[in-house]
Structure formats: structure tokens, C-alpha cells
Number of protein chains: 2
Amino acid sequence: MAVTTLHRPAHRDALGLLESAFGDGRLVTAFGRCTVEYDGRAASSLGPGDRLVVCKPDGAILVHTDEGREPVNWQPPGCTHRASVRDGRLRIRSERTSPDEVLDVAFERIEQVTAYEVDDRSDLTLTGSEEDLRRRILDEPDLVEPGFEPIATERETAAGPVDVFGSDEAGRPVVVELKRRRVGPSAASQLRRYVEAVDEEFPDEGVRGVLVAPSVTDRTAALLDERDLEFVALEPVDGDGDS
Amino acid sequence: MAVTTLHRPAHRDALGLLESAFGDGRLVTAFGRCTVEYDGRAASSLGPGDRLVVCKPDGAILVHTDEGREPVNWQPPGCTHRASVRDGRLRIRSERTSPDEVLDVAFERIEQVTAYEVDDRSDLTLTGSEEDLRRRILDEPDLVEPGFEPIATERETAAGPVDVFGSDEAGRPVVVELKRRRVGPSAASQLRRYVEAVDEEFPDEGVRGVLVAPSVTDRTAALLDERDLEFVALEPVDGDGDS
DNA sequence: TACTGTATTTCGCTA
DNA sequence: TAGCGAAGTACAGTA
């Protein structure tokens, strides 16, 4: 059976389904009035309320309220789920090590528990990422500037990996930092850091830094200007239907 | 009724529940075999598979597979959900403007649809955030260094707001950047940016920069050292049970 | 495992 | 609304 649902179950019955579903790798949802305690990298406490709890076979657990894209509490994949009944409450505990983290959900009332058999072999294909912007530039380096020649991607430097490293028409080293969307000051700092690192590798060659992004904020433009860094406006995907 | 569930409903019946639930602000889950198309800031396509779709009354929608903490597709709060049946498929479309984004889920088979009435008035209380670290330092400035005196928090500079701005025993301006956990190179760059901005405000006063965090990576320590920036090891909450 | 950077980041706050 | 930075960020890639 692909889906098993218990409506307003006794805690004992809910416990049975949870244990069975955790055991054979099914996806589980539970809805009811609960409290949530978390302790790990930080610590949190959440008073009584109705929430949707999602337990995944990979060890992830999500506690969702009726608001927001983000779960109010969660545990990432790799945790171990356990269910129990104590003090008249149905409890779901999710634990992991490194870092040590525990999430505890205690239901005083459980409205519904469902276990789902999931068959999903499709992968997401996504366009418009920074990866697409990189490909676009490697395909057509002149988009950065006429005569630009890419030499390496993810080139290691003392300050970290540079998105695209190349040379300009005059043979000067060029550090290119890519961003898929409008950028703030941190991108300027990042580019500056790379340029300084590469500058130590190529003394007196006048290493240039170019930020490639759809746009920059005013403050970022000022920061780039101060540091003699350049900006090239470019989208991750061609806006026109051509090409 | 707090929870309404349809098991293996006809698309028409599922549609009825969805429209009703969208209309009166209920939380909805739908599970079945579906495809997902997204177009907006980026664009994506997801082939057929079994997924759990969560629609929230605030306009958020989440498409969850059986893996990962993150939804494979989603739409943030503020969207408008609409359900329909076309070409033998049950469709859920979630749209918003600024930015223009559309998410389309098309079910070829629907295993279960549930609408939940949610009553949740509790707020999360969380400890161990950067805010806690700031309070800790304002309570006990000597944790930064003996004689440190905080003057302002979130003090505006040309490079952005500084976490804690103060002065040292000798009256020199001090810029403090706080991080709740071990930090990488970007934090060093950020601090440097602030110090340079404040340095322009207080020429020849020898503005100091101090990074307060539990720890730093090796490369970050080197970057701090190169730029004459300092590091103070401190956790957002007192590790001991004392104090 | 630790480090580094991206993300359809989301989220909260402020000007 | 845009800008800015935090997050229990999660996640992927790499050493």
C-alpha cells in the first residue's frame, strides 16, 4: 500500500505506525498539537501549537507551522528518528552526532499520522545558476572584454579558489568573480581578496579584478571603484531568445 | 473539523478540497506522482516522481522528495495558490510578482490530499545566536579585552553597519565583528572593510579591528594576521554552568 | 573530516 | 522597496 493513514489515532497506534515506517524507510507526516525542544549548535524551545512534522528516511526531520518557507525546527539528513510514548505524550526524537544535536517533538494530541512509500528517480535540472554564467563566459570570453582569454576555473590561490582566471589582451592576469544576481559589498571584498593573493604570485604584472554580475548596489560600486576593481554587467542566461 | 483527508481521490474531488482549503486559509498537503516546473529568478524542470507538496495559507509552497532538509522546489510566502484539472492532471500553480515567479505542480496520480486547521500562537525562543554573543559582550566588555568600552552597536559606516563599535584602554577606536561560530575568510574581509571605513573617519587614530568568534580557520587566521586584525575566542553562550 | 563558496538561499531589520 | 548581513543556514565539491 503506497499510503497508510491513521486519523485521530491513539498514541499507541500512532507509535506503531511511526516505528514501522521508520523501520522500512517510508516518508512520514504527523500533525497535531505539540511542543518542540532543540539542543545542539544552538538551543530552542517552542510552546504548544499545531504543526506538521515531516520525517524523511534519510534522517531529516522538519517541523512546519502554517507560516514561512522555513521549518520552525528541524534536523538535517543523517539523524536517527525514534518514537515513543511517555507521560501521555507521543514523542519523536531525532538525534545525531558531530555535531551533537537532539530534536524532541512531544504531541499532546495527534490528529493524523501518515506513512508514504516514495518512488522518485528524477533529478532536477536547473538553469540560471552561477554555473551557467561560467559556461556562458567560457563559451564567449569576449563577453568579459574583447581579448579576454580564460586560463583556468576554480584556480587555487592563497585566498581561496578564483572563479575564472585568465589574461587580457595585453597579457595581464585577470581574476574574474561571478555572481548570478545583483551583488552587495561582500562580493567586492571577495574579489579584492583574490586579486591581492594573485598579485603576490605575479608581482608587478598589474593583476586586474573583474566582477561579472547582473548589477551591483551603489555602495558596492563605490567599493569596487576605490580598489580599482572592474564590473561587467552580465546575466547568467541570455535575456534574448536568440543564440 | 480539524483535519480533512481524501484517500486516492478523483482529481475532481481533490480539486474541490484544494480550492476550499486555499479559500479558508488551511494548511494543505498533497502526495502523489507529479512533475514540477519552475520559472523565475532561475528556472527548473523536474520529471515524474512521488513527492509531498505542502501549501501554506501565507502563500508558501514546498515540494519535498524523500531526501534532504530542503524542498526540491518551492515558492516563498506571498504567493497565490490556484488548483485546476486539465489534460487529466491535477495542477497546483503558485505565482507571485516582484520578482515574477511561477511554480507548477502537475499530478498524474494523487494518493492523498489533506487540509489542516492550524492553531499556533507560540513563538520560538532561541539561544546561542549572534545576538546572544553581543549581549554577552555588552554585559561584560572585558571579555573582548580589559578596558574595552562599547560605544554603539550596529554603528553605520561607509562600508556598512559595525556589530560593536567602542574604544580601548588607550582611547583608540575599536571595531568588533561578531560571529556565533567558527569563521572563514569572508569574516576577515568583512572586518577589514569596516576597519578601513572607520579609519577614514578617524585618521591617524590607529583604528583596531577585533573578530570575536569561537574559532577561525587557519587561512582566516593568516588573513587576519596580514591585515593586523585581532581575534578573540568567545562562544555565544557561557560554556560553564557558572556565572 | 574540515574548509570553502553558492543558493530560486530565506529571513529580519532598517533607511 | 531595496540594501545589508545573519542563519541551528543547507548543500556540493574538494583536499
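Atoms considered below: every heavy atom in the structure, side chains included; atoms not considered: hydrogens, waters and symmetry mates. Every chain is numbered from 1 and lettered A, B, ... according to where its sequence line falls, protein lines coming before strand lines.
- For the pair A/Trp74 and D/dT9, the criterion of a side-chain N or O lying under 4.0 Å from OP1 or OP2 is not met.
- Counting any heavy atom pair closer than 4.0 Å across all strands shown, B/Glu154 reaches no nucleic acid atom.
- Look at NZ on A/Lys179: it is 17 Å from P on D/dG3, rounded to the nearest Å.
- For DNA chain C, the span of nucleotides reached by chain B at under 4.0 Å from its heavy atoms goes, 5' to 3', from C/dC3 to C/dC11.
- Heavy atoms of A/Arg96 sit nowhere under 4.0 angstrom from any nucleic acid atom.
- Taking 4.0 angstrom as the limit, B/Arg181 places none of its side-chain polar atoms (N or O) nearer than this to OP1 or OP2 of D/dA6.
- Using a 4.0 Å cut-off, some side-chain N or O of A/Arg182 falls inside it from OP1 or OP2 of D/dG3.
- No hydrogens or angles considered: a donor-acceptor pair under 3.5 Å links the side chains of B/Asp132 and B/Ser129.
- Looking only at atom types and distance, the side chain of A/Gln75 has no donor-acceptor partner in the side chain of A/Lys56 under 3.5 Å away.
- Within residues 215-226 of chain B, the residues approaching DNA chain C are B/Thr217, B/Arg219, by heavy-atom distance under 4.0 Å.
- When Watson-Crick and G-U wobble pairs are counted only if both distances are under 3.5 Å, C/dC3 pairs with D/dG13.
- Residue A/Gln75 is classed as a base contact, given a heavy-atom separation below 4.0 Å to a base.
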